[in-house]
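Computation of the quantities below employed the complete heavy-atom set of this structure, encompassing side-chain atoms and omitting hydrogens, waters and symmetry-equivalent molecules.
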Amino acid sequence: MNIAHSADKPVQDFAGIRKSVPWIYFVIFFAVLNESVFNVSTPSIAKQFSLDASGVSWVVTIFFIVFGMGMVIFGKLSDMYSVKKLITIGIILYSFGSILGFVCQAWYPAVILSRGIQGAGGAAIPALVFVMVARFFTAKERGRMFGIITSTASFAIGIGPVLGGYIAGSFHWAYLFLIPLPVLAAIPFFRKYLPAEERGAGRLDLIGAALLGIAVSALILFTTEANWLYLLVTCVALVLFIIQIRRAKDPFVDPTLFSNRLYRSAIIIGFLIFGTVMSMMFVIPLMLSNTYGLDTENIGLIMFPGAISAVIFGRVAGNMTVKRGSHFVVYLGLALISISLLLQSSSIGLWVWYIGAALMMMYIGFSFVQTALAESVTQILPNHQIGVGMGLFNMISTISGAVVTALVAKAMEQELFAFPLHPFISDSKAYMYGNLILLLSFVVVASALLYFVSFRKKSRTPHPVTEQPG
């Protein structure tokens with residue numbers, strides 16, 4: 001099934017829309033940057049407010065909960081309201097939360113509230129950027145843009161902890177709240193260049209949104225705090241959510257979205273791959289510290305080339321998606337990730353730069369999957385489902401990092417994999433890491449098989465490109 005979108009049809013003011021492209025990259029950088037910039041500041045915040053690890057974790061947790069839900073909500077709203085208006089509201093809300101957090105830095109509840117507001121406003125940026133790319137640009141332009149977006153996001157993720165550590169150490173952690181404020185500069189350009197769109201049909205299903213929000217929040221809390229009550233709340237909220245979207249006139253998520261077999265597979269693959277790579281970002285520093293005795297500076301040195309390679313190869317992935325099709329790039333990316341994990345699991349205890357080289361392969365593969373999987377999702381969704389469909393896909397990919405990382409942390413805490421299994425690992429201190437990374441490589445291989453089974457009948461050919469003037 002290959003459904004044509006409005007992105008392949010003429011839209012008004014081509015030159016104006018294309019002038020908005022640099023601002024798309026600009027705002028996505030600051031949106032992603034705020035996902036990671038606060039992580040390194042939690043010790044300083046805990047010390048100021050005399051908090052334990054659970055208490056201070058809310059600075060990060062509340063942002064991810066609201067950010068994940070916000071992407072679905074803004075995606076849904078984009079089917080009903082103008083993207084121009086929604087991106088303006090999101091940027092203003094994002095900036096308001098930033099200013100509020102800085103002003104109220106001495107009161108911890110206000111800090112948490114401000115991070116929640118930041119998450120709500122910041123969610124509009126990735127959600128609406130994907131909608132803009134899918135709605136206003138041709139297939140040829142989409143592939144290249146997704147590649148640059150991946151590079152921009154990878155750079156933001158890589159520089160976030162470094163920038164956050166410098167600002168928190170040299171000044172005060174509260175100044176981290178001011179980092180997103182440059183996004184305000186993009187508002188007049190989006191107002192000028194984005195097309196005016198008529199109000200679409202439908203209304204926001206607040207009950208459905210609330211139930212999904214409760215389910216997501218409870219799931220993240222269960223994985224981080226291991227309280228079974230949260231899992232019960234997750235299950236009940238999901239059941240009620242399913243009932244609500246099946247009976248509502250304008251459901252928050254159209255149930256027919258899940259009847260799309262390709263979309264279901266893409267969501268599962270996105271969850272598994274994003275969760276695997278994010279959990280590896282948690283495992284590798286611990287492994288390098290415990291088995292090689294490296295300090296934080298040297299761990300960063302080992303991991304830095306991989307992060308930079310993702311920046312470089314994100315654009316390569318975009319161009320390759322245009323030339324070879326998204327499916328080829330997904331397969332290539334999954335192959336690189338699985339080979340990287342196999343090499344890492346087999347190299348523990350050997351020269352540490354073997355790990356560093358294998359990490360570069362993983363980062364490159366991940367940039368390929370990020371770019372091409374997003375393009376695959378835009379291809380399989382009808383135009384009226386792109387907003388909420390991409391929002392839900394991005395939300396699930398975002399929360400997968402928190403969920404899978406928490407599960408991996410629990411497995412390491414209980415030493416579930418600390419036994420001889422891997423044929424190339426003989427050091428007892430490396431058993432747990434080698435076996436765990438080997439298991440994650442099998443997860444990636446299973447994801448590749450699922451992608452093959454799901455998409456093998458779908459043509460590799462991208463959408464027909466309509467040449468536009470300008």
Looking at every non-hydrogen atom in both residues, tell me the closest pair between Q105 and Q48 and how far apart they are. O-NE2, 3.5 Å
Compile the donor-acceptor pairs under 3.5 Å between side chains in residues 116-126 and protein atoms, sequence neighbours left out, one pair per line.
residue: Q118; atom: OE1; partner: N34; partner atom: ND2; Å: 3.1
residue: Q118; atom: OE1; partner: R115; partner atom: NH1; Å: 3.1
residue: Q118; atom: NE2; partner: S98; partner atom: OG; Å: 2.8

State the CG-CG distance between D205 and L211, to the nearest 0.5 angstrom. 8.0 Å
Please determine whether side-chain contact (heavy atoms from CB on, under 4.5 Å) holds for the pair I245 and L212, giving the CA-CA distance in whole Å, both sets of side-chain angles, and the decisive distance to 0.1 Å. CA-CA 10 Å; I245 63 175; L212 183 59; over 6 Å; no
Contact between V330 and I269 at the side-chain level, heavy atoms closer than 4.5 Å - yes or no? no
Taking the side chain as everything from C-beta on, heavy atoms only, tell me whether K76 gets closer than 4.5 Å to F252. yes
Exceeds 12 heavy-atom contacts within 6.0 angstrom, atom CG of L332: yes
When every non-hydrogen atom of S400 is compared with those of F274, the smallest separation belongs to OG-CB, 3.4 Å
Distance-only donor-acceptor hits, side chain of residues 354-374, under 3.5 Å, sequence neighbours excluded:
residue: S367; atom: OG; partner: I364; partner atom: O; Å: 2.6
residue: T371; atom: OG1; partner: T150; partner atom: OG1; Å: 2.8
residue: T371; atom: OG1; partner: S367; partner atom: O; Å: 2.9

Minimum side-chain heavy-atom gap I179-L176 below 4.5 Å: yes
Got a donor-acceptor contact below 3.5 angstrom from the S340 side chain to the L336 backbone? no
Check the pair Y263, L257 against side-chain contact (heavy atoms from CB on, under 4.5 Å), reporting the backbone distance first and the verdict last. CA-CA 7 Å; Y263 181 73; L257 194 64; 3.5 Å; yes
Could you tell me if the side chain of I112 sits less than 4.5 Å from the side chain of V59, heavy atoms only? yes
Answer with yes or no after comparing the ring centroid distance for W23 and F190 against a 6.0 Å cut-off, counting only values under it. no
Short side-chain to backbone donor-acceptor contact, S78 and G75, under 3.5 Å: yes
Residue pair L86 / F74: nearest heavy atoms and the distance that separates them: O-CE2, 4.0 Å
Below 6.0 angstrom between ring centroids: does that apply to F30 and F26? yes
To the closest 0.5 Å, what do you measure between OG (S114) and CH2 (W107)? 10.0 Å
Could you tell me the separation between the CD1 atom of I148 and the CD1 atom of I28, rounded to the nearest 0.5 Å? 13.0 Å
Could you walk me through whether N394 and V72 pass side-chain contact (heavy atoms from CB on, under 4.5 Å), step by step? CA-CA 8 Å; N394 288 327; V72 185; over 6 Å; no
Are the side chains of L194 and F136 in contact, using a 4.5 Å heavy-atom criterion? yes
Run the side-chain contact (heavy atoms from CB on, under 4.5 Å) test against I396 and tell me which residues pass, sequence neighbours left out. I267, F271, L392
Going by distance alone, is a donor N or O of one side chain under 3.5 Å from an acceptor N or O of the other, for S326 and S376? yes
Mind checking what makes ring pair (Phe, Tyr, Trp, His ring centres under 6.0 Å) contact with Y94, not counting sequence neighbours? none
A side-chain contact here means heavy atoms from C-beta on lying under 4.5 Å apart; do L341 and T276 qualify? yes
Has the side chain of S95 got a donor or acceptor atom that lies under 3.5 Å from a matching backbone atom of L181? no
Might you confirm whether atom OH of Y175 has over 12 heavy atoms from other residues, nucleotides or ligands at distances under 6.0 Å? no
Point-to-point distance, once rounded to the nearest 0.5 Å, from OG of S50 to CD1 of I45: 13.0 Å
Rounded to the nearest 0.5 Å, how far apart are CD1 of I437 and OG of S345? 6.5 Å
Measure the spacing between CG of L440 and CD of Q344 and express it to the nearest 0.5 Å. 10.0 Å
Those residues at least two apart in sequence (or on a different chain) that pass ring pair (Phe, Tyr, Trp, His ring centres under 6.0 Å) with F63 are F67
Using the rule given for side-chain contact (heavy atoms from CB on, under 4.5 Å), can you reason through K84 versus M132, listing the C-alpha separation, both sets of side-chain angles and the distance that settles it, and then say yes or no? CA-CA 10 Å; K84 178 191 293 189; M132 281 190 275; over 6 Å; no
Tell me, please, which residues at least two apart from W173 pass ring pair (Phe, Tyr, Trp, His ring centres under 6.0 Å). none
Closest non-hydrogen atom pair between G275 and V404, with its separation: O-CG1, 3.5 Å
Is the closest side-chain heavy-atom distance between M145 and Y25 below 4.5 Å? yes
Over all heavy atoms of both residues, which pair between S441 and L342 is shortest? Give the atoms and the distance, please. OG-CD2, 3.5 Å
Locate the shortest heavy-atom distance separating A218 from V233; write the atom from each residue and the value. CB-CG1, 3.8 Å
Close side-chain approach of V21 to F137, heavy-atom, < 4.5 Å: yes
